[in-house]
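Quick caveat, the model's predicted, so the values are computed rather than measured.
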Amino acid sequence: MPGREFDEYERDEEMLESRRLKRLEMKRKRKIQQRIVLGVALLALVVIILLIVKGCSGKEKEKPQDTEQDNQQQEEVVTPPPADPDVTATLAAVGDIMAYQSQIDAAQQDDLTYNFKDAFSAVSAYTASADITVGNLELNMLGTTPYSGSPTAAPYFNAPEILAQNLSDIGFDILQTANTYSIMNGINGLSSTMRLLNEAGIDAVGTHTSDPGTTGGVITREVNGIKFAFIAFTKGVNNMTLPLNSEYCVDLLYTDYNTDYKIVDSTGILERVDAAKATDPDVIVAMLHWGSEYETSISDTQKDIRDLLFKNGVDVILGSHSHVVSPMEMVTVETTEGEKKDCFVAYSLGNFFSDMSSKQYAMESVILNLEFTKSGETGETTISNVNYTPLYILDQGADADVRFQVLPIRTALGTSLFDDYKTQMEEAITHLKTNTNSLYDSGN
């Protein structure tokens, strides 16, 4: 059966060939599928890479924005808050406050008590309106009789104690007690004067009932965030010597304070200045009882003291003792710390309350008005305004209802009450302008 065997063989060959072709086709299809899968995978990989690259590029582009935002946030953090507003404080200063016998007698009431309020009524609005009001109290208050207005017989210048309260009532805050009459009635006289002032709410400066050492002797007051430190000195104590073991009782300008007034006590002065600076003030005021009576000229030692004080940190000098108004000026100085600043000195403010009608120009004086401004931005305090109000101590005679009156001259001239004294008060205005050698007249 060779034919059948051949046919079967041929069919087997065809089946094998068919199977081989199917396997080849399947293999070819698998390769195509693999290529497709590989192509898709490659495409996916490319897309992923592109996305990653794009993402990185995006992040790099966003970095400056983030940095800018960070800088803005940092700037917002370090930007200082708005500056505080500037603040101001005012200081009113007058000269010598005295009480001669004529003044004491005029202050006696029908019931034999004493009161000086009528003498100050016309000027009280000026003294009370300042934030701080200061003056030189050249008398004692022993708190006992007999009261005396004598500079030559004991008890010396012993004024009624009500004077302290009367001065407090019209605005006085601080009174210099370092002057000619500090110890004329002894340590007891000084102590009682200081006590009565304190009881009336007034601080005494320049004298001490106990040793203040090198770190005391300073009176401080703070107004509207501006801190003031006050110190005071006298050239001498009426040629007397300070009591043994109580040499601390009065602050002095000279070591030869009871003789020639030529040797400036720089060490003692700077001790008080340093004590004032230690209180961390914005303004230091030195009240000085110096110069010569009834003289307007400035001595060499006064200039030395002025320069010593200003260069070491004092901002204002308020002078007394001469009983007449003397020059006043703004002085630009360079301090020992290298700071340049403007300081102010009034060498003498004359008599605020006295009876020296026999002495030329001794019945006229001024209220010195100083304004200080503290910068809210820098914290620096400067003298922002200076002017004075002319005053006249009017004596209308022993028979007058109110014999002595301290008058703001222009206010008085604006009424018809003092027409008999118009000429002498107008002359006082002119003379004060000349004597102060300044343009500080307020016009009020």
Engineer: Counting N and O atoms only, with roles assigned by atom type, does the side chain of S191 sit under 3.5 Å from a partner on the main chain of T209, one being a donor and the other an acceptor?
Structural biologist: no
Engineer: Evaluate V94 against S365 for side-chain contact (heavy atoms from CB on, under 4.5 Å), listing each step before the verdict.
Structural biologist: CA-CA 8 Å; V94 304; S365 70; over 6 Å; no
Engineer: Report yes or no: do S375 and E380 form a side-chain donor-acceptor pair below 3.5 Å?
Structural biologist: no
Engineer: Using a 3.5 Å distance criterion without hydrogens, assess whether the side chain of Q101 forms a donor-acceptor pair with backbone atoms of S150.
Structural biologist: no
Engineer: Quick one: does any side-chain atom of S348 pair with a main-chain N or O of V324 as donor and acceptor, under 3.5 Å?
Structural biologist: yes
Engineer: List the steps, then state whether side-chain hydrogen bond (donor to acceptor under 3.5 Å, both in side chains) holds for E371 with S384.
Structural biologist: CA-CA 6 Å; E371 180 189 74; S384 49; 2.8 Å; yes
Engineer: Checking side chain to side chain contact (heavy atoms under 4.5 Å, CB included) between E427 and each of T430, I429, T423, which is the one that passes?
Structural biologist: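 The residue from T430, I429, T423 that satisfies side chain to side chain contact (heavy atoms under 4.5 Å, CB included) with E427 turns out to be T423.
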Engineer: Taking the six-membered ring for Trp and the full ring for Phe, Tyr or His, determine whether the centres of Y100 and F404 are under 6.0 Å apart.
Structural biologist: no
Engineer: Taking atom types as modelled, find out whether Q108 and Y114 have a side-chain donor-acceptor pair closer than 3.5 angstrom.
Structural biologist: yes
Engineer: Within the structure provided, determine whether D315 and I284 are in side-chain contact (heavy-atom separation under 4.5 Å).
Structural biologist: yes
Engineer: Decide yes or no for L137 and L167: does some side-chain heavy atom of the first lie under 4.5 Å from some side-chain heavy atom of the second?
Structural biologist: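 Yes, side chains in contact.
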Engineer: Anything under 30° is parallel, anything over 60° is perpendicular, the rest tilted; go ahead and classify F230 against F228.
Structural biologist: parallel
Engineer: Is it the case that N136 and D96 place a side-chain donor and acceptor less than 3.5 Å from each other?
Structural biologist: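 Per modelled atom types, N136 and D96 side chains form a pair under 3.5 Å.
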Engineer: Please evaluate residues Y254 and K262 with respect to the criterion side-chain contact (heavy atoms from CB on, under 4.5 Å), reporting the C-alpha separation (whole Å), side-chain torsions for both, the decisive distance (0.1 Å), and the verdict.
Structural biologist: CA-CA 7 Å; Y254 300 90; K262 291 183 178 180; 5.8 Å; no
Engineer: Hey, is the main chain of G376 close enough, under 3.5 Å, to the side chain of D86 for a donor-acceptor pair?
Structural biologist: yes
Engineer: Is any side-chain heavy atom of E364 less than 4.5 Å from a side-chain heavy atom of V325?
Structural biologist: no
Engineer: Going from CZ on R272 to CG on L309, what distance comes out if it is rounded to the nearest 0.5 angstrom?
Structural biologist: 13.0 Å
Engineer: Any non-hydrogen side-chain atom of I367 less than 4.5 Å from a side-chain atom of V123?
Structural biologist: yes
Engineer: Looking only at non-hydrogen atoms, find the nearest pair between A122 and V406 and report the distance.
Structural biologist: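 Looking at all heavy atoms of both residues, the shortest contact is CB-O, 3.7 Å.
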Engineer: Any side-chain to backbone donor/acceptor pair from Q302 onto S299? Under 3.5 Å, distance only.
Structural biologist: yes
Engineer: Does the pair R403/D105 count as a salt bridge with the N-to-O cut at 4.0 Å?
Structural biologist: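 D105 and R403: not salt-bridged.
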Engineer: Test side-chain hydrogen bond (donor to acceptor under 3.5 Å, both in side chains) on T296 and N435; report intermediate values, then the result.
Structural biologist: CA-CA 7 Å; T296 59; N435 246 31; 4.8 Å; no
Engineer: Any Lys/Arg nitrogen of R306 or E329 sitting under 4.0 Å from an Asp/Glu carboxylate oxygen of the other?
Structural biologist: yes
Engineer: Test side-chain contact (heavy atoms from CB on, under 4.5 Å) on Q176 and V134; report intermediate values, then the result.
Structural biologist: CA-CA 8 Å; Q176 177 177 358; V134 303; over 6 Å; no
Engineer: Where do A362 and I393 come nearest, in terms of heavy atoms and distance?
Structural biologist: O-CD1, 4.4 Å
Engineer: What's the separation between atom CD in E293 and atom CD in E295, rounded to the nearest 0.5 Å?
Structural biologist: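 Going from CD on E293 over to CD on E295, the span is 10.0 Å.
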Engineer: When rounded to the nearest 0.5 angstrom, what is the spacing between OG1 in T301 and NZ in K235?
Structural biologist: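 Between atom OG1 of T301 and atom NZ of K235 there are 8.0 Å.
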Engineer: Where do F310 and F344 come nearest, in terms of heavy atoms and distance?
Structural biologist: CZ-O, 3.5 Å
Engineer: Could you check whether any side-chain N or O of T207 sits under 3.5 Å from a backbone N or O of V250, counting only pairs where one atom can act as donor and the other as acceptor?
Structural biologist: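 Not a single qualifying donor-acceptor pair exists.
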Engineer: Can you confirm whether K227 sits close enough to T381 that some side-chain heavy atom of one is under 4.5 Å from a side-chain heavy atom of the other?
Structural biologist: no
Engineer: What distance do S182 atom OG and L190 atom CG have between them, rounded to the nearest 0.5 Å?
Structural biologist: 6.5 Å
Engineer: If we only count heavy atoms from C-beta on, is the F120 to F352 side-chain gap below 4.5 Å?
Structural biologist: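 The answer is yes; the side chains approach within 4.5 Å.
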Engineer: Between R221 and D173, does at least one N-O distance fall below 4.0 Å, as a salt bridge requires?
Structural biologist: yes
Engineer: Could you walk me through whether T411 and Y126 pass the side-chain hydrogen bond (donor to acceptor under 3.5 Å, both in side chains) test, one step at a time?
Structural biologist: CA-CA 11 Å; T411 300; Y126 294 83; 2.6 Å; yes
Engineer: Looking at every heavy atom in both I183 and M240, which two are closest together, and how far apart are they?
Structural biologist: O-CE, 3.8 Å
Engineer: Got a donor-acceptor contact below 3.5 angstrom from the Q165 side chain to the G201 backbone?
Structural biologist: no
Engineer: Quick check: closest heavy atoms across A130 and T90, and the distance to 0.1 Å?
Structural biologist: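 In terms of heavy atoms, the two residues are closest at CA-OG1, 3.6 Å.
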Engineer: Quick one: does M98's side chain get under 4.5 Å of M356's, heavy atoms only?
Structural biologist: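 Yes, side chains in contact.
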Engineer: Does D111, at its CG atom, have more than 12 non-hydrogen atoms belonging to other residues, nucleotides or ligands within less than 6.0 Å?
Structural biologist: yes
Engineer: Which heavy atom in F353 sits nearest to a heavy atom in A119, and how many Å separate them?
Structural biologist: CE1-CB, 3.8 Å
Engineer: Keeping W290 on the side-chain end and Y347 on the backbone end, is there a donor-acceptor pair under 3.5 Å?
Structural biologist: yes
Engineer: Output yes when a side-chain donor or acceptor of T193 lies under 3.5 Å from a complementary backbone atom of N140, and no otherwise.
Structural biologist: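 Looks like no, no N/O pair under 3.5 Å.
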Engineer: Could you tell me whether the side chain of H289 reaches within less than 4.5 Å of the side chain of E138, counting heavy atoms only?
Structural biologist: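 E138 reaches H289 side chain to side chain.
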Engineer: I'd like to know whether L242 forms a side-chain contact (heavy atoms from CB on, under 4.5 Å) with C249, so could you lay out the CA-CA distance, the side-chain angles of the two residues, the decisive distance to 0.1 Å, and finally the verdict.
Structural biologist: CA-CA 8 Å; L242 296 178; C249 66; 4.0 Å; yes
Engineer: Around atom CD of Q109, are there more than 12 heavy atoms of other residues, nucleotides or ligands at under 6.0 Å?
Structural biologist: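 It does: Q109 CD has more than 12 such atoms within range.
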Engineer: Assess, by modelled atom type and distance only, whether the side chains of S357 and D395 contain a donor and an acceptor separated by less than 3.5 Å.
Structural biologist: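 Absent: no donor and acceptor within the cut-off.
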Engineer: Could you tell me the separation between the CG atom of L253 and the CG atom of D304, rounded to the nearest 0.5 Å?
Structural biologist: 12.0 Å
Engineer: If you count heavy atoms of other groups shown closer than 6.0 angstrom to NZ of K433, is the number above 12?
Structural biologist: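 Atom NZ in K433 is not crowded, with 12 or fewer foreign heavy atoms closer than 6.0 Å.
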Engineer: Keeping the roles fixed (side chain from T88, backbone from F372), state whether a donor-acceptor pair exists under 3.5 Å.
Structural biologist: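 Side chain of T88 to backbone of F372: no pair is present.
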Engineer: In this structure, are over 12 heavy atoms from other groups packed under 6.0 Å from K277 atom NZ?
Structural biologist: yes
Engineer: Rounded at 0.5 Å granularity, tell me how far CG in L394 sits from CE in M363.
Structural biologist: 8.0 Å
